[in-house]
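Below: the structure, in structure tokens.
The first residue in the sequence is number 1, and the count goes up from there.
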Amino acid sequence: LALANEIALEDDDMNEAVVGGGGGKYFTPGWTLARFTSFIELGKHAGEFKGVAKDPAENYRMGFELFSPGYLNDDGTPYFIETFDQTKSRNEKAGAFLMFKAMNWLGTAKTFPQMLGQAFMVEIKDHISKTAAAGTKPRSVINTKTITPPVDRLTGQQYPVPEATKLFLFS
């Protein structure tokens with residue numbers, strides 16, 4: 001209770017309603033500088049592929065702070081965005097394996113959490129669920145298949161990326 005009371009001093013007051021929300025902020029699709037700031041392990045969950053049930057597998061979610069103009073909060077602070085839940089797999093064709101290889105461009109990590117705080121270029125794209133009703137507006141998501149190092153392709157120089165405002169790991 002003491003820890004919860006201490007956290008309550010800094011956290012939002014759940015007694016106070018706010019307007020809007022639910023879908024996150026919409027951004028024009030494009031590229032932005034980002035920092036990997038959150039990794040949350042979600043435990044084992046059953047899945048399916050093309051209608052065939054798969055054995056339960058470890059799942060996780062990642063979060064990034066966006067820093068480029070046009071991808072900030074209205075007050076100029078970095079916007080925080082999370083990926084969809086991902087299935088952890090080292091299969092050579094698995095999205096998690098391919099994303100890890102792309103993100104580990106420095107070659108120093110064995111796990112995602114070891115890259116917390118590192119900078120990347122991320123692509124923001126539109127997403128509409130396959131089960132969404134007609135006329136549903138898209139939401140902005142990270143294209144986890146295109147994450148790249150924060151390096152200018154012409155000069156080879158790293159882009160300057162502000163430090164993360166906070167890091168979060170739940171393992």
Side-chain angles (χ1 to χ4, degrees), residues 1-8 10-12 14 18 21-27 29 31-67 71 78-133 136-150 161 163-171:
L1 182 58
L3 178 58
N5 288 336
E6 186 178 324
I7 291 169
E10 300 292 325
D11 209 347
D12 295 330
M14 291 300 294
V18 295
K25 189 170 181 175
Y26 179 78
F27 294 108
W31 289 87
T32 176
L33 292 167
R35 282 209 183 263
F36 174 35
T37 59
S38 171
F39 187 82
I40 302 169
E41 291 182 347
L42 302 169
K44 287 189 177 186
H45 295 271
E48 67 174 58
F49 182 71
K50 295 185 178 181
V52 177
K54 296 179 73 175
D55 291 337
E58 294 289 337
N59 280 235
Y60 64 92
R61 184 180 309 141
M62 300 167 66
F64 293 82
E65 286 183 345
L66 309 181
F67 288 97
Y71 296 94
Y79 183 78
F80 178 75
I81 190 169
E82 289 182 299
T83 64
F84 289 111
D85 294 356
Q86 308 280 320
T87 300
K88 191 174 181 181
S89 173
R90 292 185 299 141
N91 181 292
E92 64 185 344
K93 296 179 184 177
F97 179 75
L98 297 173
M99 182 171 52
F100 180 83
K101 291 302 226 182
M103 289 179 67
N104 191 26
W105 63 281
L106 295 172
T108 58
K110 289 175 60 179
T111 65
F112 281 111
Q114 290 177 303
M115 294 184 279
L116 279 168
Q118 288 185 11
F120 297 94
M121 290 288 297
V122 298
E123 181 185 20
I124 303 298
K125 67 177 188 172
D126 286 347
H127 174 77
I128 298 175
S129 171
K130 293 176 186 173
T131 60
T136 300
K137 293 182 180 179
R139 68 182 258 205
S140 296
V141 298
I142 290 178
N143 185 350
T144 58
K145 295 178 180 178
T146 61
I147 296 172
T148 64
V161 182
E163 290 302 315
T165 61
K166 60 184 167 184
L167 299 176
F168 184 80
L169 170 62
F170 182 80
S171 177

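- Checking side-chain atoms of S140 against main-chain N and O of I124 turns up no donor-acceptor pair under 3.5 Å.
- The shortest side-chain heavy-atom distance between V122 and T32 falls under the 4.5 Å cut-off.
- With N104 contributing its side chain and T108 its backbone, the two residues share a donor-acceptor pair below 3.5 Å.
- The CG atom of L169 sits 7.0 Å away from atom CD of E41, with the distance rounded to the nearest 0.5 Å.
- E65 contributes no side-chain N or O that, together with a main-chain N or O of T37, makes up a donor-acceptor pair within less than 3.5 Å.
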- Given the rule in the salt bridge (Lys or Arg N to Asp or Glu O under 4.0 Å) test, do R35 and E163 qualify, once you have shown the distances and angles that lead to the verdict? CA-CA 8 Å; R35 282 209 183 263; E163 290 302 315; 3.6 Å; yes
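- Side chain of Q86 to main chain of F84: a donor-acceptor pair is present (N/O by atom type, distance under 3.5 Å, no hydrogens or angles).
- Between the side chain of R61 and the main chain of L42, no donor-acceptor pair closer than 3.5 Å is present.
- Under the 4.5 Å side-chain criterion, counting only non-hydrogen atoms from C-beta, E82 is in contact with I40.
- We find the CE-CD1 distance between M62 and I147 to be 5.5 Å, quoted to the nearest 0.5 Å.
- Smallest separation of non-hydrogen atoms from A133 and T136: O-OG1, 2.6 Å.
- Few gaps surround CZ on F97; more than 12 heavy atoms of other groups in view lie less than 6.0 Å from it.
- With a 6.0 Å radius and a threshold of 12 heavy atoms from other residues, nucleotides or ligands, D55 has its CG atom at or below the threshold.
- To the nearest 0.5 angstrom, L66 atom CG is 9.5 Å from F80 atom CZ.
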- Message: Using the rule given for side-chain contact (heavy atoms from CB on, under 4.5 Å), can you reason through F120 versus V161, listing the C-alpha separation, both sets of side-chain angles and the distance that settles it, and then say yes or no?
- Response: CA-CA 9 Å; F120 297 94; V161 182; over 6 Å; no
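- Taking CD1 of I81 as the reference point, atom OH of Y71 lies at 10.0 Å (rounded to 0.5 Å).
- Looking only at side-chain heavy atoms (C-beta outward), F36 and M103 come within less than 4.5 Å of each other.
- Here the side chains of W105 and T148 are not in contact, with every heavy-atom distance at 4.5 Å or above.
- Taking each heavy atom of F67 and P78 in turn, the nearest pair found is CE2-CG, 3.5 Å.
- To the nearest 0.5 Å, atom OG1 of residue T146 and atom NZ of residue K125 are 8.0 Å apart.
- Rounded to the nearest 0.5 Å, atoms CE (M121) and CH2 (W31) are 6.5 Å apart.
- Between T87 and S89, the side chains place no donor N or O within less than 3.5 Å of an acceptor N or O (distance only, hydrogens not considered).
- In this structure, F112 and F39 have parallel ring planes: the angle between them is below the 30° cut-off, well short of the 60° mark.
- Taking all atoms of both residues into account, the shortest heavy-atom contact from Q114 to Q118 is O-NE2, 4.1 Å.
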